[in-house]
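These numbers come from a predicted model, not from an experiment. Numbering starts at 1 and runs along the sequence shown. Ligands are counted one by one from 1 in listed order, and the atoms in each one are counted from 1 as well.
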Amino acid sequence: MKAIVIEQYGGREQLVERELETPELKGDQVVIDMKATSINPIDWKVREGYMKDNIPFEFPVILGWDAAGIIKEVGTEVKNFKVGDRVFARPATTRWGTYAEEVVVDEPLLAHLPDNIPFEEAAAVPLAGLTAWQCLVDFADIQEGDKVLIHAGSGGVGHYAIQIAKSFGAYVATTASGKNKDWVEELGPDLFIDYKEENFAEVLNDYDIVLDTLGGDIQSDSYKILKDGGRLVSITQPPKEEEAERHNVKAGFVFLDPKGEQLAELAKMMEKGKLTSVIGHRFDLSEEGLRQAHEVSESHHAKGKIVISI
Ligand SMILES: NC(=O)c1ccc[n+]([C@@H]2O[C@H](COP(=O)([O-])OP(=O)(O)OC[C@H]3O[C@@H](n4cnc5c(N)ncnc54)[C@H](OP(=O)(O)O)[C@@H]3O)[C@@H](O)[C@H]2O)c1
């Protein structure tokens, strides 16, 4: 199969095309004939070697951890999926990622893809959508009427988080720059804050939940808008315990733990039109395509999701 791999850590030039054997299928796994994948910032963080102490990989490494396609082979113990099923997944964090024509995925990580959802839209969802879900639902226990601030509502995680929070009946504020205002507002937030014009910490107060996608001062300033007993959940930087205690806030860091059954919940929302993917950038599965895609992600100013058609 064709794959885009890295053979050592480094810059975008390390992304090279290779022919590799598809890994051997275990009993509880399926092989997906890949139709699309998407880019997440972790891809270039791994490529640069920033994650090598947390996630040690042997080379070559196929980056990418979002899959959408059609099952072409099933292991002997697979129960709920068959050859020909349209599926999507956030595969396990191994060196056999998704910038490839074929990907092997464990059954518990898979979800069926509704017929009305194109593969590109599906491939955008798993990593970013599940992260948003686990932050808001599992960690922050979001409830109807909660006031929620989503930082970077124009990013991969943020634009799904807005839609998930609205589906729970929350009041949602979000930050992004003015160039993204029109399309972000179509996702349904109640308040849009252009972070280049206004400081969120000066205009918001009494919030129940903040989803921190940026860290640093933005995380520290987020305590100022939370009510006593509020929740701060970060995906970039573990909050400091003493800071959280001082503000009487439940604060924590979420690192995505992929689960097929939660992805199936997102699939139901997608089928009903309650969760849509905004794809701001599209590339193909080639060295040049992936290098350009990483460049967009590394800018920190991607619009929605970056998708790779296969
Ligand atoms: N812990 C986990 O499991 C996990 C999972 C997923 C992601 N992450 C991490 O979470 C972070 C966000 O991921 P992502 O995929 O959502 O990133 P992304 O798609 O690359 O985010 C880009 C967006 O951030 C916005 N942005 C940049 N600076 C901003 C600011 N100061 N205020 C508000 N918005 C700003 C940009 O909007 P403008 O162009 O308008 O500035 C852009 O649309 C990354 O660091 C990623 O590695 C962690």
Side-chain angles (χ1 to χ4, degrees), residues 37-48 50-51 54-55 63-66 90-93 123-140 149-164 172-185 187 189 191-201 203-204 210-222 225 232-239 251-259 262-263 277-281 293-307:
T37 181
S38 90
I39 307 293
N40 294 284
I42 192 173
D43 301 6
W44 54 263
K45 292 178 186 177
V46 171
R47 191 204 73 218
E48 288 281 0
Y50 299 148
M51 316 284 291
N54 311 354
I55 318 177
L63 301 169
W65 290 279
D66 274 322
R90 193 297 195 177
T93 314
V125 172
L127 193 153
L130 285 172
T131 301
W133 179 276
Q134 289 182 4
C135 287
L136 294 172
V137 182
D138 295 351
F139 182 88
L149 170 62
I150 315 269
H151 283 293
S154 54
V157 175
H159 90 293
Y160 293 126
I162 292 171
Q163 299 174 75
I164 292 168
V172 176
T174 192
T175 60
S177 69
K179 69 175 191 298
N180 291 312
K181 186 171 194 282
D182 290 349
W183 71 265
V184 169
E185 282 189 333
L187 302 174
L191 184 64
F192 179 95
I193 297 171
D194 178 347
Y195 70 86
K196 295 194 170 164
E197 301 289 331
E198 272 182 309
N199 180 349
F200 72 93
V203 292
L204 305 180
V210 175
L211 171 52
D212 166 33
T213 55
L214 294 154
D217 289 348
I218 288 179
Q219 183 179 105
S220 300
D221 285 347
S222 292
I225 70 145
L232 185 151
V233 54
S234 179
I235 55 171
T236 53
Q237 183 186 321
F253 178 77
V254 164
F255 190 79
L256 171 63
D257 177 17
K259 291 180 184 154
Q262 285 182 340
L263 195 54
S277 296
V278 174
I279 302 173
H281 316 266
H294 276 218
E295 188 173 6
V296 174
S297 181
E298 287 170 62
S299 76
H300 299 285
H301 296 289
K303 172 187 173 186
K305 288 291 304 183
I306 305 163
V307 165

request  = Decide whether an N or O pair under 3.5 Å exists between Gly158 and ligand 1.
outcome  = no

Heavy-atom closest pair (Gln219 atom, Gln237 atom, distance to 0.1 Å) is NE2-O, 2.9 Å

>> Taking Leu127's backbone N and O only, do any of them form a donor-acceptor pair with Asp66's side chain (distance below 3.5 Å, no angle check)?
In response: yes

Out of Gly153, Gly156, Gly129, the nearest non-hydrogen contact to atom 18 (P) of ligand 1 is supplied by Gly156

Out of Asp194, Leu127, Ile42, the nearest non-hydrogen contact to atom 6 (C) of ligand 1 is supplied by Leu127

Measure from the side-chain N and O atoms of Gln262 to the backbone N and O of Pro258, and report whether any donor-acceptor pair falls under 3.5 Å. no

Going by the 4.0 angstrom heavy-atom rule, the piece of Phe255 near ligand 1 is both

Determine yes or no for a side-chain-to-main-chain donor-acceptor pair under 3.5 angstrom, with Asp212 supplying the side chain and Ser234 the backbone.
no

Practice item. Could you tell me whether the side chain of Leu130 reaches within less than 4.5 Å of the side chain of Lys259, counting heavy atoms only? Key: no

among protein heavy atoms, the one nearest atom 37 (O) of ligand 1 is Ser154 OG, 3.0 Å

Which of Asn40, Asp43, Ile306, Ile42 passes side chain to side chain contact (heavy atoms under 4.5 Å, CB included) with Ser297? Answer is Ile306

Counting heavy atoms under 4.0 Å, the part of Thr236 that contacts ligand 1 is side chain

Item checked: Contact with ligand 1 for Ile218, non-hydrogen, under 4.0 angstrom -> yes

Exercise for review: For the pair Thr175 (side chain) and Ala152 (backbone), establish whether a donor and an acceptor sit closer than 3.5 Å, ignoring hydrogens and angles.
Suggested key: yes

Worksheet item: Would you say the side-chain atoms of Thr174 pair up with the backbone N or O of Phe192, donor to acceptor, closer than 3.5 Å?
Response: no

Contact region, Thr131 to ligand 1, non-hydrogen atoms below 4.0 Å, reads side chain

The closest protein heavy-atom partner of atom 23 (C) of ligand 1 is Gly155 CA, 3.6 Å

If we number the atoms of ligand 1 from 1 as shown, the ones under 4.0 Å from a heavy atom of Ala152 are 24 (O), 25 (C), 33 (C), 34 (N), 35 (C)

**Request:** May I ask you to decide whether Glu298 forms a salt bridge with Arg47, counting only side-chain N to carboxylate O separations under 4.0 Å?
**Result:** yes

among protein heavy atoms, the one nearest atom 48 (C) of ligand 1 is Ile235 O, 3.1 Å

Among Thr175, Thr213, Val157, Val278, the residue with a heavy atom nearest to atom 14 (P) of ligand 1 is Val157

- Query: Are any side-chain N or O atoms of Thr236 and backbone N or O atoms of Gly215, one a donor and one an acceptor, separated by less than 3.5 Å?
  - Reply: yes

The closest protein heavy-atom partner of atom 22 (C) of ligand 1 is His300 O, 3.6 Å

Lys305-Ser277 side chain donor-acceptor pair, cut-off 3.5 Å
no

Do His301 and ligand 1 have an N or O pair less than 3.5 Å apart?
yes

Across all chains, not counting sequence neighbours, the side-chain hydrogen bond (donor to acceptor under 3.5 Å, both in side chains) partners of Glu198 are none

Of Gly304, Ala128, Ala302, Pro41, the residue with the heavy atom nearest atom 13 (O) of ligand 1 is Pro41

Heavy atom of Lys45 under 4.0 Å from ligand 1?
yes

Under 4.0 Å from one or more heavy atoms of Val254, ligand 1 contributes atoms 1 (N), 2 (C), 3 (O)

Review point. Under 4.5 Å between any side-chain heavy atoms of Phe200 and Ser222, yes or no?
Key: yes

One finds that the ligand 1 atoms under 4.0 Å from a non-hydrogen atom of Ser177 are 38 (P), 40 (O), 41 (O)

Atom 3 (O) of ligand 1 sits nearest the protein heavy atom Leu256 N, 2.9 Å

- Heavy-atom contact under 4.0 Å between Asn180 and ligand 1? yes

- Task: Using non-hydrogen atoms of the residue, decide whether Lys179 is closer than 4.0 angstrom to ligand 1.
- Result: yes

Hey, does Tyr195 come in under 3.5 Å of ligand 1, counting only N/O atoms on both sides? yes

